[in-house]
There are 2 protein chains.
Amino acid sequence: MARTASYDRNAALETAMNLFWTKGYHATSLKDLEARLQMKPGSIYAAFKSKEALFRATLDRYAARMSAELEALIAASPTPLEALQTHLRSLAVIAPCDRPSTACMLVKSLLEAPQEDELRDFITAHLDRVETLIAAALNDAQRKGTLPETCDTGRLARRVQTYIFGLKVQAQRETDPDRMRDLCHDLADEIGRAAAA
Amino acid sequence: MARTASYDRNAALETAMNLFWTKGYHATSLKDLEARLQMKPGSIYAAFKSKEALFRATLDRYAARMSAELEALIAASPTPLEALQTHLRSLAVIAPCDRPSTACMLVKSLLEAPQEDELRDFITAHLDRVETLIAAALNDAQRKGTLPETCDTGRLARRVQTYIFGLKVQAQRETDPDRMRDLCHDLADEIGRAAAA
DNA sequence: AAAATACTTGAGCAATCGCTCAAGAATGTA
DNA sequence: TACATTCTTGAGCGATTGCTCAAGTATTTT
C-alpha cells in the first residue's frame, strides 16, 4: 500500500454536518469547511468529490442518526405512540447542548433547495423514509393491540411529522421556554387523542 | 424637479419578492435581480440601497400581504375560529397559481438567516406580529362569545401558527394532493376541538 | 434656450466563489 | 535502500459575488 490518510473521515463528516446544519448549504463556503475540517481544498475534493457531494453525505449522516434515535426511543418506550409523544415533548428544549441547531437539517435543506432539482428529490426521499418509519411503528402498535385498528396509521404518521416540522420551526424563534414547553405538550397530548379516535 | 423614475417601484418590489421567495436570499444573485427587474445595478442600488435592504423590503411586503389576507378572511368569516380553519384547509392546494411557492417566505428566510443576527430578529418580529394578530382575533371571539372564556388564546394562537408552519413545509414535498387535503382537514378539525376545550 | 436636478447606464472594481493540479511528503512493499 | 503508491499541500484558475461611480440622458424650472 501507501501513505495512510491523516484525517478521520467520520470526524470530518460530523464537523461538516454541524457546519451545514447551522449555516445552511449556500452560506457555508469552502473556506469555512477548510478551516473547520483542517483540510486543504485538494484533500477535501479527493475525499468528498465536491461541495454538494459532501453536503449529501452529511444529509445521509443526519437522516441516519435521526432515524436511529427515533427507533431507539420507540424500542425503549412502552408503546410507539408514547415514544412519539415523548419525542414531541423533547422538542421543548430551546438550546440543546448536543446539537448545533434546533431546526431540522432536512427541512432547512428542503426549503433551500431549488424546485424541480435532483437535490430536492434526495431530501424528500429522506423525509419519506422517516415518515415510513413512524408509520411502521404505528402499524406495529396495531398488531400488538396498543393502537385501535380503525386508526389510519399513514395519515397519523404524516400528522406527527407535521407537528415535528412545526415545532422545530417554532424552536428557531427562541421565545419563552415555558410557552415552548406548553406548545410541545399540547401537540403531544393531541397525538394521543388522535390515535384514540 | 427633475427626471422622473422610469421603473415602477411597486412592481419592482413585487418581482423581487417573488424571486427571493422562490430562490431564497443567498441563491438569488444581483444578476438575477437585474434580469427580472430590468434594472441596471446602479438603479437598483439607488432605489433600494443594498441587496439585504431590498430583501427586507420584500419581507415587509410579504408580511403585510399575509396579514391583510388573514384579516380579510377573519372579517369575512362567521367567527375567527372558522376563518383559521378555512385558512388551514386552504393550504391543501399543492400548486397555487397566485403564489410562486407553497412555502412561507418568513419561515424560509428564518431558517436561512444566521443565528444571533439582526436579520433574524427582523424576521421573528414579523412572525410575532402574525401570532399577535391571530391571538387578537381569538380574544375578539371570546368577547363576542363564540369562544369559551377558558381558552388560552395566546397558547391557541401559537398552536395554529405551528400548524401553518408544519403544513407549509409539508406542501413543499408535493406528495399526493388527497393526502395533503386529509392532513389539512385533520389539523383544521383539531383546532376546532382545541378551542372547545 | 439654458440651467438645475434627478435618474439610468454599464464598465469594471475588489473580494470571494467552487475547484484543479503539479509538486512534495509519508507510508507501504520489495 | 529503492521504488511504488497514496495522501497532502497551496498557489492560483476562471467565474461569479455584491457593489461603485463617472458619464450620459431625460425632465422640470427659470
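We use all heavy atoms of the structure for the numbers below, so side chains are in, but hydrogens, waters and symmetry mates are not. Keep in mind the model is a prediction, meaning the values are calculated, not measured.
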Exercise. Heavy atoms under 4.0 Å, any strand shown: does B:Ala46 hit a base, just sugar-phosphate, or nothing?
Worked result: nothing

For this session: Identify, with sequence neighbours excluded, every residue that meets side chain to side chain contact (heavy atoms under 4.5 Å, CB included) alongside A:Arg155.
Result: A:Asp152, A:Arg158, B:Asp182, B:Asp186

Problem set entry | Pairwise side-chain contact, B:Thr153 with B:Leu147, heavy-atom cut-off 4.5 Å (strictly under) | yes

For this session: Look at A:Glu34 together with A:Lys40 and state whether they make a salt bridge at an N to O cut-off of under 4.0 Å.
Result: no

For this session: Specify the separation, in whole Å, of atom CG of A:Asp8 and atom P of D:dC7.
Result: 15 Å

Exercise. Is the shortest side-chain N/O distance from A:Thr4 to OP1 or OP2 of C:dT27 below 4.0 Å?
Worked result: no

Exercise. Would B:Arg159 and B:Glu190 pass as an ion pair if we require N to O under 4.0 Å?
Worked result: yes

Problem set entry | Bracket notation of DNA chain D in which parentheses pair within the strand, [ ] cross earlier pairs, and | pairs with another strand (Watson-Crick or G-U, under 3.5 Å) | ||||||||||||||||||||||||||||||

Problem set entry | Side chains of B:Met66 and B:His126 in contact at under 4.5 Å (non-hydrogen atoms) | no

Exercise. Taking B:Asp176 as the fixed residue, which of B:Arg179, B:Glu174, B:Met180 is the one that meets the side chain to side chain contact (heavy atoms under 4.5 Å, CB included) rule?
Worked result: B:Arg179

Exercise. Taking C-beta and beyond as the side chain, do A:Asp60 and A:Phe122 meet within less than 4.5 Å on heavy atoms?
Worked result: yes

For this session: Quickly work out the B:Leu54 CG to D:dC19 C1' distance and round it to whole Å.
Result: 14 Å

Problem set entry | Strand contacts (DNA chain C) in residues 14-21 of chain B, 4.0 angstrom heavy-atom criterion | none

Exercise. Less than 4.0 Å between a side-chain N and a carboxylate O, is that true for A:Arg173 and B:Glu131?
Worked result: yes

Exercise. Is there any salt bridge (Lys or Arg N to Asp or Glu O under 4.0 Å) pair reaching into residues 103-118 of chain A, and which pairs are they, with sequence neighbours excluded?
Worked result: A:Arg56-A:Glu118

Seminar exercise, completed: To the nearest angstrom, the OH-P distance between A:Tyr7 and C:dA25 comes to 21 Å

Problem set entry | Close aromatic pair by centroid cut-off 6.0 Å: B:Tyr163 and A:Tyr163 | yes

Exercise. Starting at CD1 of B:Ile44 and ending at C1' of C:dG10, how long is that distance when rounded to a whole Å?
Worked result: 12 Å

Seminar exercise, completed: When rounded to whole Å, the NZ to P distance for the pair A:Lys40 and D:dA11 reads 9 Å

Exercise. What residues form a side-chain hydrogen bond (donor to acceptor under 3.5 Å, both in side chains) with B:Ser29, not counting sequence neighbours?
Worked result: B:Asp32

Seminar exercise, completed: Nucleotide by nucleotide, nucleotides 15-24 of chain C touches protein heavy atoms under 4.0 Å in the pattern (B base, S sugar-phosphate only, - none) --SBBBB--B

